[in-house]
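Heads up: the structure comes next, in structure tokens.
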Amino acid sequence: MPITPAMPAHPPSPTTAAIIGAGPAGLMAAEALSQGGARVDVYDAMPSVGRRFLMAGKGGMNITHAEATEPFLSRYGARRPWIEPLLREFGPGALREWMHGLGIASFVGTSGRVFPAQMKAAPLLRAWLHRLREGGVRIHVRHRWLGWDENGALRFATPEGEQSVHADATVLALGGGSWARLGSDGAWVPLLEQRGIAIAPLRPANCGFDVGWSTHLATRFAGQPVKPVVLNFTDSAGVTHSRQGEFVVTATGIEGGLVYAFSARLRDEIAASGGALVHFDLLPGKDVQTVMAEVARPRGSRSLASHLQSRLGLKGVKVALLHELLPAEDFSHPERLGAAIKALPLRLAAPRPLDEAISSAGGVPFAALDQRLMLRALPGVFCAGEMLDWEAPTGGYLLTACFATGRAAGQGVLAWAAQRANDASTQES
Ligand SMILES: Cc1cc2nc3c(=O)[nH]c(=O)nc-3n(C[C@H](O)[C@H](O)[C@H](O)COP(=O)(O)OP(=O)(O)OC[C@H]3O[C@@H](n4cnc5c(N)ncnc54)[C@H](O)[C@@H]3O)c2cc1C
């Protein structure tokens, strides 16, 4: 006679999990949870999911970076101790393999940045959503989370009116506070503060800065790239940071990759002292002696503009910046002009508003979370993604940490639920 294994009278019901926020962090938490056997419902306020992720894919999405582990980890600055263990579990290599598993090839650009094939996010998101739905994940759009009711249920505003949802565990993956029109509006901050969680103020990261240009510069040169240049910035500790790249003149100041790379330091300097002074080397390929000698070389009847263009290749927006930022008399002093070409001072007045930034700093402090990314003050509530208090430059570091924290939160829910079940059965026996 075949032996039938004894079945428990009541098979354990799967953990129910509500994920709020269907960006990369929330969807990754959903994947980890559904793979672990949980019943997963994902809620998002917007009419469709992953809007910011899709926007990141518009201009060529850097999903991660191929540089060595040490420099990679250093990009998370003061938050490295918290992010590092999560990246060791699911870092750039694992992320690329995961993407390949969805049938999306990746390639490494000349800068070391890793892109999905076609450089777009849409095919990746499509394939991912398909796999999640196949795995039983249910996605509810137009569900804006409003907090908790007096019974501890999650409150959602939906087109059919307010609904309340009970789940064993909740993962909040609500994004930061930039690009509110794509969903991440930071409206979750007071909801957590009301529950006693101290949130680090959301601040712009990877942002542009206001300078206050003349009308002439703003109207004639806004939108023009300035390249190549070296940006030099000496921080309050006297350490000079330098990097070559390019920036863009905007109607009010500057933005672009080179500026974003310095933006955390510049933002903090402005907050501390009311402004930040940077210096641009407009001719990184030429040393200061050469520049001085060429500026001083007799130019006969030629205008200064054509002299600078023919002797140094300096023209257009770079010359416009010199005129904007130097006193008129400096153009009659070759030494002053030469020095300014190699170190043009520019005072930054303010970061652009949070909503315009690529990402935000601040959020839920790691100290408020346990190792599973569960809020110590709210057992069963986990947090992931950009709403956590960390920041990183652009170049794939943002998405990599969003995926890693999402996965960790999903696995954290499974570990927490397993521990609860274990504790309950120990109590029963
Ligand atoms: C223009 C642009 C380009 C970028 N390019 C890159 C890049 O190339 N590489 C890179 O690494 N990063 C890039 N980023 C940053 C990256 O997109 C974000 O860091 C990432 O999307 C954050 O993921 P997340 O899941 O934490 O939050 P989000 O992607 O912001 O998702 C949060 C979700 O929560 C939902 N939500 C918020 N509040 C509620 C609520 N109350 N109720 C229900 N749902 C809610 C939102 O609708 C949203 O769908 C870019 C960002 C922008 C704006």
Side-chain angles (χ1 to χ4, degrees), residues 18-30 41-65 72 75-76 92 95 109 111 113-116 119-121 124-125 139-148 154-158 163 165 170-192 202 204-208 255 257 260 354-361 363-364 373 383-407 409:
I19 316 281
I20 313 179
L27 293 176
M28 194 51 106
D41 286 277
V42 178
Y43 301 89
D44 200 288
M46 300 302 281
S48 62
V49 306
R51 291 193 166 199
R52 197 136 160 264
F53 186 57
L54 290 171
M55 175 56 77
K58 282 226 164 120
M61 182 173 70
N62 319 134
I63 196 153
T64 189
H65 202 288
F72 191 101
R75 309 295 173 189
Y76 299 93
L95 179 55
S111 59
R113 293 168 180 221
V114 176
F115 300 89
M119 300 176 84
K120 299 228 176 309
L124 171 56
L125 185 61
I139 297 176
H140 312 266
V141 293
R142 293 195 166 93
H143 277 60
R144 166 167 290 280
W145 178 58
L146 302 173
W148 292 270
L154 298 162
R155 292 176 55 212
F156 289 98
T158 80
Q163 294 183 7
V165 168
T170 302
V171 177
L172 301 176
L174 300 160
S178 71
W179 287 65
R181 64 187 177 281
L182 302 180
S184 50
D185 57 10
W188 53 267
V189 171
L191 300 178
L192 288 185
L202 299 182
N206 294 300
C207 58
E255 66 179 21
Y260 301 157
L354 173 60
D355 192 45
E356 288 179 22
I358 297 283
S359 59
S360 49
V364 177
L373 301 185
C383 299
E386 207 181 300
M387 70 181 292
L388 301 180
D389 180 18
W390 60 277
E391 64 179 311
T394 54
Y397 308 104
L398 295 165
L399 283 171
T400 308
C402 287
F403 284 117
T405 54
R407 187 168 177 274

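Note that ligands are numbered from 1 as they come in the structure, with each ligand's atoms numbered from 1 the same way.
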- prompt: For D185, does its backbone N or O pair with a side-chain atom of D355 as donor and acceptor, under 3.5 Å?
  reply: no

- request: Return yes if some donor-acceptor pair links the side-chain N/O of N62 with the main-chain N/O of R113 below 3.5 Å, else return no.
  value: no

[atom]: which of [options] has the nearest heavy atom?
atom	options	result
atom 45 (C) of ligand 1	L54, N206, L174, T64	L174
atom 9 (N) of ligand 1	V49, L191, N62	N62
atom 25 (O) of ligand 1	A25, G183, G21	A25
atom 3 (C) of ligand 1	A56, P393, A22, G23	A56

query: Can you tell if the side chain of I20 reaches within under 4.5 Å of the side chain of W188, non-hydrogen atoms only?
result: no

- prompt: Heavy-atom distance under 4.5 Å between the side chains of S359 and E391, does that happen here?
  reply: no

Those atoms of ligand 1 less than 4.0 Å from some heavy atom in [X]:
X	result
M55	1 (C)
G175	26 (O), 27 (O), 30 (O), 32 (C)
S184	30 (O)
L398	10 (C), 11 (O), 12 (N), 15 (C), 19 (O)

Check whether any heavy atom of [X] sits under 4.0 Å from an atom of ligand 1.
X	answer
T394	no
W179	yes
M46	yes
G396	yes
H143	yes

Mind checking whether [X] contacts ligand 1 via backbone (N, CA, C, O), side chain (CB onward), both or neither, at a 4.0 Å heavy-atom cut-off?
X	value
S359	neither
I20	side chain
A173	backbone

- prompt: With only distance considered, is A357 within less than 3.5 Å of ligand 1 through an N or O on each side?
  reply: no

